[in-house]
Amino acid sequence: MSRFRFVLCGAAFLALGAVIACAPASEGRSREQLTPAVLFLTDFGVKDGAVAVCKGVMWSIEPALRIVDLTHEVPPYDIETAAEVLEQALPFYPAGAVAVAVVDPGVGSERKAAAILTKKGHLLVGPDNGIFTLVLETEGLARAVELRNTKYFRPGVKSFTFHGRDIFSPVGAHLAAGTPLDSLGPPLVPMRLDLHPARQSGVGIDGTVRYIEDPYGNVVTNIPAALLDSIAHVGDSLDVRIGSRTFRLPWKHTFSDVPVGQPLAVMHERGLLSFSINQGDFASKYGVKRKAPVSIRRIPRSNETPPPTVR
């Protein structure tokens, strides 16, 4: 690079720094507070401009927003999958982060719109259709309000079919910019999905397939580590029934503890029992679907007496 170009680049960098340094501080907040994170999740896909439109709405309210795309590939109308993604990602973001989640098959109907503060300090914005159930199970509910104050909606006529643009995106941006939660509307008791936790049954455990991990085909159950530890240990073999199929699987630490192509049970990074094939797709190979019933029993070692069944 020539000296002339270097000087020009240096001048441009200094000018940019001056602009940032001189940017007005809103209500005395620091620069870090002026660039909050908004986690954005939808089932919109990215083949058209819907996601970009919503981001434009948010940036028009607070240009300093840092928008993180969690995913826009949630299967259409799939509230439960959206709840899974939120519960997986949100704990890794600091208090004050705002999650705008729009999977809204009831858009334009009498379903309510909500903003929620968790006990861990995260803010949630979206339809009141159970989408925040798993986050609330994990983090607890501090307060929730129904979105009624149209001052914080997108100006103009509100669409009956695009509340992601007209309600949730602007409200999320306002919250991230410092708008108090209680100014958005009256108190609300958020709707929850009907969860059926895994339970111990006799000498085994009964649960369900919670989700399929795409693209690997790992089958993640709702059986937590603590519950499985009550009947078995890593290194044991498990009798596993998924739907109508039965398996005898070794419980291992990681995939490479079995040969390539072999199935195993492994503890998922979210602390849930899962079934996998080392470098393969368990769900596709065995036709496993979400919500299939799962039963687990430990196989006694050869020198053990099988434990009695408790009924």
Side-chain angles (χ1 to χ4, degrees), residues 39 41-43 70-71 74-93 99-106 109 111-146 187-202 204-214 218-232 238 240-243 265-275 283 288-297:
L39 285 64
L41 175 149
T42 74
D43 59 352
L70 290 189
T71 182
V74 172
Y77 322 118
D78 193 336
I79 296 167
E80 293 183 8
T81 294
E84 291 284 357
V85 175
L86 285 169
E87 193 266 344
Q88 178 186 25
L90 195 57
F92 295 92
Y93 288 81
V100 176
V102 190
V103 177
D104 192 14
S109 70
R111 71 95 184 91
K112 296 177 180 178
I116 297 168
L117 175 67
T118 75
K119 289 183 177 179
K120 291 192 175 181
H122 293 127
L123 291 154
L124 315 172
V125 179
D128 183 35
N129 59 11
I131 196 170
F132 301 119
T133 299
L134 297 178
V135 170
L136 293 176
E137 289 288 317
T138 302
E139 301 197 1
L141 171 66
R143 340 195 268 289
V145 299
E146 183 182 356
L188 171 77
V189 177
M191 178 183 170
R192 305 281 186 114
L193 298 174
D194 187 15
L195 301 179
H196 299 282
R199 61 186 181 86
Q200 192 160 353
S201 175
I205 297 170
D206 294 334
T208 59
V209 174
R210 186 162 159 177
Y211 66 96
I212 308 298
E213 190 172 46
D214 185 55
N218 299 322
V219 173
V220 183
T221 74
N222 68 339
I223 299 172
L227 189 56
L228 186 60
D229 286 342
S230 69
I231 68 163
L238 304 175
V240 178
R241 186 178 183 88
I242 308 175
V266 66
M267 197 56 62
H268 190 269
E269 53 88 12
R270 294 174 72 179
L272 300 168
L273 177 65
S274 66
F275 309 117
V288 178
K289 303 296 183 183
R290 197 175 75 188
K291 299 185 180 181
V294 175
S295 295
I296 306 294
R297 304 290 184 272

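Keep in mind that the numbers below use all heavy atoms, side chains included, and drop hydrogens, waters and symmetry copies.
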Can you give me the closest heavy-atom contact between [X] and [Y], atom names plus distance?
X	Y	value
V288	V209	CG1-CG2, 3.9 Å
N222	P197	ND2-C, 3.7 Å
I223	G207	CG1-CA, 4.4 Å
S230	Q200	OG-OE1, 3.5 Å
Y77	V103	C-CG1, 3.7 Å
V74	A82	CG1-N, 4.0 Å

Could you check whether any side-chain heavy atom of [X] comes within less than 4.5 Å of a side-chain heavy atom of [Y], counting everything from C-beta outward?
X	Y	result
T118	V135	yes
P105	N129	yes
V240	I242	yes

> Can you check whether V102's main-chain N or O pairs, donor with acceptor, with T42's side chain at less than 3.5 Å?
Replying inline: no
Hey, what do you get for [atom1] ([X]) to [atom2] ([Y]), rounding to the nearest 0.5 Å?
X	Y	atom1	atom2	answer
Q88	T138	CD	OG1	11.5 Å
S274	M267	OG	CE	8.0 Å
L272	L227	CG	CG	11.0 Å
L134	E139	CG	CD	11.5 Å
L70	L39	CG	CG	4.5 Å
D104	D43	CG	CG	8.5 Å

>> E80 vs K291, test: side-chain contact (heavy atoms from CB on, under 4.5 Å). Steps then yes/no.
In response: CA-CA 11 Å; E80 293 183 8; K291 299 185 180 181; 3.0 Å; yes
>> Using a strict threshold of under 4.0 Å (side-chain N to carboxylate O), is an ion pair present between R290 and E84?
In response: no
>> With a 4.0 Å cut-off on N to O distance, would you call E213 and R270 a salt bridge?
In response: no
>> Applying side-chain contact (heavy atoms from CB on, under 4.5 Å) to H122 and I116, what does each step give before you reach the verdict?
In response: CA-CA 8 Å; H122 293 127; I116 297 168; over 6 Å; no
>> Which residues pass the salt bridge (charged side-chain N to carboxylate O under 4.0 Å, His left out) test with D229, not counting sequence neighbours?
In response: none
Taking distance alone, no hydrogens or angles, what donor-acceptor pairs closer than 3.5 Å link side-chain atoms of residues 187-196 to residues at least two apart or in another chain?
from, atom 1, to, atom 2, distance (Å)
R192, NH1, E137, OE2, 3.4
D194, OD2, H196, NE2, 3.4

>> If the condition is side chain to side chain donor-acceptor pair (under 3.5 Å), which residues does S295 pass it with, not counting sequence neighbours?
In response: D206
>> Set out, in order, the CA-CA distance, both residues' side-chain angles and the distance that settles side-chain contact (heavy atoms from CB on, under 4.5 Å) for I296 and L238, then state yes or no.
In response: CA-CA 7 Å; I296 306 294; L238 304 175; 4.2 Å; yes
> Just one of V220, V266, N218, T221 clears the side chain to side chain contact (heavy atoms under 4.5 Å, CB included) bar with F275, so which one?
Replying inline: T221
